[in-house]
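Below is one structure; the comments refer to it alone.
Heavy atoms only: backbone and side chains are in, while hydrogens, waters and symmetry mates are out.
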Amino acid sequence: MGTYPRAAGTRAERDAIVVRYLPLARHLAAQYTRGGEPFDDVFQVACIGLVKAVDRFDAGRGVAFSSYATPTIVGEIKRHYRDRTWAIHVPRDLLELALRVERASDQLAAERGRPATVADVARRLNVREDEVRRARDVSLARWTVSTDQRRGTGDEDATIADGIGAAEPGFEAAEHRATLQTLMGCLSARDREVMRLRFAEDLTQDEIGSVMHISQMQVSRVLRTSLERLQAVAASAA
């Protein structure tokens, strides 16, 4: 049954103490509810902390129960935020810093009537500004959203996934280049160079003839026969 406070010698007395201090648990739950976590969930965790405090309290130490219960309840709430409310695993030291940054940001905003800056929070917690930024980034790992969720734009069929990414013509161009590079292997070195000068360097047939030391008519014939060869090889491969 556990070790009960000396003032709670029976189960009924123990339960009465828990009921008596429920307002304390509710107050602390309200104080530490943040970041979209439902109050009812935090209050439930606070109640668990209260029960633990009742079970562990020793009246013989001369400490008021509320003074003992408060850190016990708050610790239970902090553990809940640290271990249970994150959608993605994050190192514990970063979790704790993220919670401290959130709490300091809320306090500073209430005190100054404006959102707390990174510099404000860093001074309050005596940490570097880059640590505050990192902690705020870590806070984004607390929740995830399904890409199948509706975007709420009025289009009933539109989901978040519909707005992610875009058509990337570069992939198709890369595939074409890879295919063409393979096909070009069927041509001679001279014919490949003529094709490169025409379609990569965009030279005219006369300019190609000057570079290759052949006539414009020969250039035209090389281009025609090379294209026909490439089409035939591509068709047979398909």
Side-chain angles (χ1 to χ4, degrees), residues 1-118 120-127 131-132 134-145:
M1 294 182 62
T3 302
Y4 301 147
R6 293 183 183 178
T10 66
R11 168 73 68 173
E13 290 173 339
R14 169 184 180 268
D15 292 345
I17 292 176
V18 171
V19 172
R20 176 182 176 185
Y21 284 93
L22 279 178
L24 174 63
R26 182 178 294 276
H27 169 74
L28 294 173
Q31 183 178 350
Y32 282 87
T33 298
R34 58 173 55 84
E37 186 72 0
F39 169 78
D40 288 345
D41 290 353
V42 181
F43 179 50
Q44 184 178 32
V45 172
C47 290
I48 293 173
L50 174 60
V51 171
K52 289 182 178 180
V54 171
D55 287 345
R56 297 170 183 172
F57 181 66
D58 185 354
R61 295 182 178 180
V63 178
F65 177 71
S66 58
S67 299
Y68 176 82
T70 296
T72 303
I73 296 171
V74 170
E76 196 70 23
I77 294 174
K78 288 182 176 179
R79 279 189 293 275
H80 170 73
Y81 275 108
R82 185 188 66 197
D83 300 330
R84 303 294 183 184
T85 63
W86 299 79
I88 300 174
H89 175 72
V90 178
R92 178 166 295 182
D93 59 337
L94 281 179
L95 290 181
E96 293 174 349
L97 178 59
L99 294 176
R100 290 173 59 205
V101 167
E102 287 183 7
R103 188 159 55 250
S105 297
D106 292 344
Q107 293 171 349
L108 287 166
E111 294 170 6
R112 304 182 182 187
R114 60 171 176 79
T117 65
V118 170
D120 292 336
V121 178
R123 283 193 294 269
R124 173 63 62 89
L125 298 180
N126 193 28
V127 297
E131 291 181 289
V132 174
R134 188 182 182 193
R136 286 183 169 178
D137 289 341
V138 165
S139 295
L140 299 177
R142 180 171 292 164
W143 302 280
T144 57
V145 178

Quick one: side chain to side chain contact (heavy atoms under 4.5 Å, CB included) partners of Val127, sequence neighbours excluded? Leu125, Glu131, Val132
Closest heavy-atom pair, Cys47 versus Ala25, reported as atoms and distance to 0.1 Å, is N-CB, 4.4 Å
Does the side chain of Val121 come within less than 4.5 Å of Arg100's, by heavy atoms? no
Stepwise side chain to side chain contact (heavy atoms under 4.5 Å, CB included) check, Val45 with Arg79: CA-CA 9 Å; Val45 172; Arg79 279 189 293 275; over 6 Å; no
If we only count heavy atoms from C-beta on, is the Leu24 to Leu50 side-chain gap below 4.5 Å? no
Taking the side chain as everything from C-beta on, heavy atoms only, tell me whether Phe65 gets closer than 4.5 Å to Val54. yes
Give me the atom names and distance for the closest heavy-atom approach of Ala135 to Ala98. O-CB, 3.7 Å
Those residues that, when tested against Ala12, pass side chain to side chain contact (heavy atoms under 4.5 Å, CB included) (two or more places apart): Thr10
For Tyr68, check ring pair (Phe, Tyr, Trp, His ring centres under 6.0 Å) against everything at least two apart and list the hits. Phe57
Evaluate whether atom CZ of Arg112 has more than 12 neighbouring non-hydrogen atoms of other residues, nucleotides or ligands under 6.0 angstrom away. yes
Do Asp120 and Glu111 make a side-chain contact, defined as non-hydrogen atoms from C-beta onward lying under 4.5 Å apart? no
How long is the straight-line distance from OG1 of Thr33 back to CG of Asp41, given to the nearest 0.5 Å? 9.0 Å
One should read off an interatomic distance between Asp15 CG and Arg20 CZ, to the nearest 0.5 angstrom, of 14.5 Å
Can you see which heavy atom on Arg124 is nearest to which on Ala104, and at what distance? CG-CB, 4.2 Å
Please find the pair of heavy atoms, one from Ser105 and one from Arg136, that lie closest to each other, and give the distance. OG-NH2, 3.3 Å
Atom of Ala29, atom of Ala46 and distance for their closest heavy-atom approach: CB-CB, 4.1 Å
Could you tell me whether the side chain of Val74 reaches within less than 4.5 Å of the side chain of Gln31, counting heavy atoms only? no
Gap between atom CD1 of Ile73 and atom NZ of Lys78 - 0.5 Å precision: 13.0 Å
What distance separates His27 NE2 from Phe43 CZ, expressed to the nearest 0.5 Å? 13.0 Å
Determine whether more than 12 heavy atoms belonging to other residues, nucleotides or ligands lie under 6.0 Å from atom CZ of Arg134. no
